[in-house]
Amino acid sequence: MNCIFCKIANEELKPDIVYQDEKILIFKDIEPAAPIHLLAIPRKHIKDAFEIKENTDVIMHIFKKISELKDELNIREGFRIVNNCGENAGQTIPHIHFHILAGRKLNWPPG
Ligand code: 5GP
Ligand code: ZN
């Protein structure tokens, strides 16, 4: 499958990885929108948030790890998790990913 995040999961592409285990990876976004901008993905190809219901274990694992790694990720002062699902939300890569944004005051509401 020609999926850029599957290629990262398979180690064909090597982003700046900050955490990985057998189920998930967390790596730096190539175009950061905040001083800290990470992407958390499952290794498994899950298309989008509509497919979370069949994959609750790995999604829970992502959120658990983000919390456990708050010091290593430098997000203790606060962070935002964003998931864009589908075209109207601007999802550009059809492999579910959670943006982790931190390192400055974040505007609300988003555009
Ligand atoms: P989306 O718009 O789908 O919610 O987010 C996709 C994100 O992936 C964007 O923030 C974009 O900068 C990031 N991105 C796209 N290609 C790559 C890549 O090859 N490596 C990394 N590290 N990030 C990427
Ligand atoms: Zn994929």
Side-chain angles (χ1 to χ4, degrees):
M1 188 188 303
N2 195 22
C3 169
I4 196 165
F5 286 175
C6 280
K7 287 182 178 161
I8 286 174
N10 297 334
E11 297 174 15
E12 283 175 59
L13 293 174
K14 294 191 194 299
D16 201 340
I17 293 171
V18 297
Y19 174 79
Q20 61 179 316
D21 62 27
E22 71 287 359
K23 291 184 185 155
I24 70 167
L25 294 108
I26 305 176
F27 55 89
K28 292 185 182 175
D29 195 292
I30 206 167
E31 268 186 66
I36 297 169
H37 187 171
L38 306 171
L39 297 172
I41 68 166
R43 286 186 187 274
K44 178 182 176 189
H45 184 87
I46 298 167
K47 183 177 163 220
D48 63 26
F50 291 126
E51 296 187 1
I52 289 176
K53 60 190 185 303
E54 299 92 0
N55 294 284
T56 52
D57 286 3
V58 70
I59 303 301
M60 283 307 299
H61 184 70
I62 287 175
F63 280 76
K64 188 166 171 242
K65 280 294 162 194
I66 291 169
S67 174
E68 284 176 5
L69 294 167
K70 58 184 177 298
D71 289 325
E72 291 88 337
L73 301 180
N74 210 8
I75 60 171
R76 187 181 266 281
E77 305 303 312
F79 65 98
R80 180 172 295 158
I81 292 182
V82 173
N83 168 252
N84 295 320
C85 178
E87 195 180 335
N88 273 2
Q91 182 178 3
T92 57
I93 300 182
H95 180 133
I96 196 167
H97 48 282
F98 297 93
H99 298 257
I100 301 165
L101 299 154
R104 65 166 167 79
K105 288 267 183 203
L106 298 165
N107 300 327
W108 191 261

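In each ligand, atom 1 is the first atom listed, and ligand 1 is the first ligand listed.
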*What residue and heavy atom of the protein are closest to atom 9 (C) of ligand 1, and at what distance?*
D29 OD2, 3.3 Å
*Region of L39 engaging ligand 1 - heavy atom pairs below 4.0 Å*: side chain
*Provide the number and element of each atom of ligand 1 under 4.0 Å from a heavy atom of F5.*
8 (O)
*Is there any N or O on Q91 that sits under 3.5 Å from an N or O of ligand 1?*
no
*To the nearest 0.1 Å, how far is atom 22 (N) of ligand 1 from its closest protein heavy atom, and which atom is that?*
K28 O, 2.8 Å
*With atoms numbered from 1 as shown, which atoms in ligand 1 lie under 4.0 angstrom from a non-hydrogen atom of T92?*
1 (P), 2 (O), 3 (O), 5 (O), 6 (C)
*Please work out whether any backbone atom (N, CA, C, O) or any side-chain heavy atom from C-beta onward of H97 is under 4.0 Å from ligand 1, and answer side chain, backbone, both or neither.*
side chain
*asked:* Could you identify the single nearest non-hydrogen protein atom to atom 14 (N) of ligand 1 and state the distance to 0.1 Å?
replied: I30 CG2, 3.8 Å
_Cluster overlap F5 with Y19, hydrophobic side-chain contacts below 4.5 Å_ = no
*Taking R80 for its side chain and L101 for its backbone only, find out whether a donor-acceptor pair lies under 3.5 Å.*
no
_Restricting to N, O or S atoms, which atom of H45 is closest to the Zn ion (ligand 2)?_
ND1
*At a 4.0 Å threshold, what atoms of ligand 1 neighbour a non-hydrogen atom of H99?*
1 (P), 4 (O), 5 (O), 7 (C), 10 (O)
*Short N or O distance, G90 and ligand 1, threshold 3.5 Å exclusive*: yes
*In the protein, which heavy atom is nearest to atom 15 (C) of ligand 1, and how far is it?*
I93 CD1, 3.5 Å
*Among the N/O/S atoms of H95, select the one at the shortest distance from the Zn ion (ligand 2) and name it.*
ND1
*Would a 4.5 Å heavy-atom cut-off, applied to side chains only, mark H61 and D21 as touching?*
yes
*How does N83 reach ligand 1, by side chain, by backbone, by both or by neither, if only non-hydrogen atoms under 4.0 Å count?*
neither
*Are side-chain heavy atoms of I96 and P42 found at a separation under 4.5 Å?*
yes
*Measure the shortest side-chain to side-chain distance between K65 and I24 over non-hydrogen atoms and say whether it is less than 4.5 angstrom.*
yes
_Please check this pair: side chain of N10 against backbone of E12, looking for a donor-acceptor N/O pair closer than 3.5 Å._
no
*Compare all side-chain heavy atoms of F79 with those of I66 and state whether any distance is below 4.5 angstrom.*
yes
*Given H37, which of E31, K28, H99 fulfils the side-chain hydrogen bond (donor to acceptor under 3.5 Å, both in side chains) condition?*
H99
*Using a strict cut-off of 4.0 Å, indicate which atoms of ligand 1 neighbour a heavy atom of E31.*
12 (O)
*Would you check whether H37 has a nitrogen or oxygen atom less than 3.5 angstrom from a nitrogen or oxygen atom of ligand 1?*
no
*asked:* Any heavy-atom pair between the side chains of I8 and H95 that's under 4.5 Å?
replied: no
